[in-house]
Amino acid sequence: MSESGVKRIGTGTITFAEAQKYYYVDKTLFIRDVIDNAWKVSLITRPRRFGKSLNMQMLKTFFEKTDEDTSKYFRDKKIWACGEKYQTEQGKYPVIYLNLSSMDDDTWAESYEDFKDVIAKEFNRHKELLNSEHLTPADIGAYNRIVNYTASRAEYRSSLNSLSDMLSKHHEKRPVILIDEYDVPIQSGYDKGYYNEALAFMKGFMSQGMKYNPSFEFAVLTGVLLVSGQSLFGGLNSFVSCSVLNGSYAEYFGFTREEVSDMLSYYDADNKNKEVCEWYDGYIFGATEIFNPWSVLLYVMNGFLPDTYWVNTGENADLGKLLRNVSPDVAAKISELKDGCTITARIDENIAYPMLMNDSENVFTLLLCYGYLIATGENKEYLSMYNCNRTEKTTDRYYYLKVPNEGIARVFRKEVSDRMIVSENEFDRIWDIIERFDEDEIENGMQKFIEDSVTYRDAPYEEFYSGFVRCMCKYKKNEYTIIPEGNSGKGIVDIAMKPNKPGKPGIVIELERTGEDNPDKLKKLAREGLKQIIEQKYDTVLRVLGVTDIVKIGMAFSGSSVRVAIAR
């Protein structure tokens, strides 16, 4: 509390009790929903710095049976106003609380030592077990081996099961299990080369701790990504995944518009509503609009100065690997995102880490889960058109994606767009061919470029090719100005390029697409595109800018095939 009686902003790693000293956004109805849902295991995935750890501390403080009367932290909160059903759950359970964020070492041996330390400290937190009349000598022996770091690997793998069993017997009440940053050891293993060892151990730990364990009341886990593949959670009854794409617990991670408005009013800054919305609003979890909480807090703490506070708040090595190897078609979509456009891309929240590098389009799943993008809805039309034009059908899910706000737009350029490496040699090669303006050469060059770039999953319809060609054109941004798509002559031009230097012609491109991969029909379609440019006078947009020498190109695509027609 400041001298004026106004609470300060608190950031960083603090307990729920400590958080009450600062301005606190009341998220205690999360407790109500956890109780009402009664899911045996809930896995909640959200981007970094969206309040996961503080909410887990809140659950621990609410449910844990302690000598201290911790109800004092909740009596003025929303959960207490919900009535006796919830009040009687307060301080009722033993709690196992684990934070695995320290398991991010360079080797599995080091990570395993960190795991042993996390487990030992949690066992030590329950010293009441040493004097329990309900535990056997074998239980006490296992307890001591864990806290003395002398347990076997098998005992550490079953330690969650063992601790919950001991707590259940001693308190005659099954414990609540809370695991924060559950995915760190698996992600670090993937990034640093010990994925198989980390996955094998953590799968055993999770399975024995929850799948084969009757001695816990319920469990809540949080992380950034859903670890799948050889699943950590296979076979768990009542396992519920609460991701950024579904509405479960949506309003409890991040700030709602009302909560941000109340905060600004508290600090006499109602006039900052528009600015804070532009910079930090725009996230959508399920159907709920959410603000980036870390950025909002630092914005207020720093005197309402808008900045990219979220930048450099975490390292995503797997994202970096993908960005260094994106195909030109994925680069096209990232370029569109950087320009503020909405794209459609496949999202698979159940990707196994070893499969990440198999398809560079997986980068969009990471960008969504890490908080660089939002999904504004599922594009079912895209999937329908995909299946109509493919012999191999798919159940993949495609979403509309975009950058959520101004703050992330600036971060996106620094952490995403500028780290993306697309072969400049490939772009140079294709433009050397295009600028000779020979129809056969352009067609052959584009064909090879497309074959090298487009995966079997890509290009269901024209919107894809437009983004692909636009990315290719933007590579020449120092030599050409790309005219925004719009009316020209008697219609809407797809792509128009105004030369920035004398001696170069302007370029107008009309894109066509068909589901028929027939070379003759594709060539005919390219010629129809060229005819459309001429008859509809699409070159008008360049002529009014003083460009008189204009190359007109019709391009027709089907899958990974392309045909070209050209006139000058």
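Keep in mind it's a predicted model, so treat the numbers as computed, not measured.
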Q) Within 45° of the axis and under 6.0 Å from the centre of the six-membered ring of Y112, does NZ or CZ of R153 qualify? A) yes

Q | Side-chain H-bond candidate by donor/acceptor type, K77 with Q20, under 3.5 Å | A | yes

Q) Any side-chain heavy-atom pair from K333 and E361 closer than 4.5 angstrom? A) yes

**Q.** D106 side chain to Y194 side chain, donor-acceptor N/O pair below 3.5 angstrom
**A.** no

Q | Salt-bridge contact K192-E110 (side-chain N to carboxylate O under 4.0 Å) | A | no

**Q.** cation_pi(K121, Y97) dist<6.0 Å, angle<=45
**A.** no

**Q.** 4.5 Å side-chain heavy-atom contact, H171 and E128
**A.** yes

Q. Is it the case that N55 and Y249 place a side-chain donor and acceptor less than 3.5 Å from each other?
A. no

Q) What class does the angle between the rings of F304 and Y299 fall in, given that below 30° is parallel, 30 to 60° is tilted and above 60° is perpendicular? A) perpendicular

Q: Give me the ring orientation class for F218 and Y93: parallel if the planes are under 30° apart, tilted from 30 to 60°, perpendicular past 60°.
A: perpendicular

Q: Would you verify whether the NZ or CZ of R48 falls within 45 degrees of the ring axis of W310 while also being under 6.0 Å from that six-membered ring's centre?
A: yes

**Q.** Set of ring pair (Phe, Tyr, Trp, His ring centres under 6.0 Å) partners for F50, sequence neighbours left out
**A.** Y283, F285

**Q.** Ring geometry between Y266 and Y23 (parallel below 30°, tilted from 30 to 60°, perpendicular above 60°)
**A.** tilted

Q | Backbone N/O of R32 and side chain of K85: donor-acceptor pair under 3.5 Å | A | no

Q. Going from CD on E181 to OG on S53, what distance comes out if it is rounded to the nearest 0.5 angstrom?
A. 5.0 Å

Q) Parallel, tilted or perpendicular: which describes the rings of F62 and W80, with under 30° parallel and over 60° perpendicular? A) perpendicular

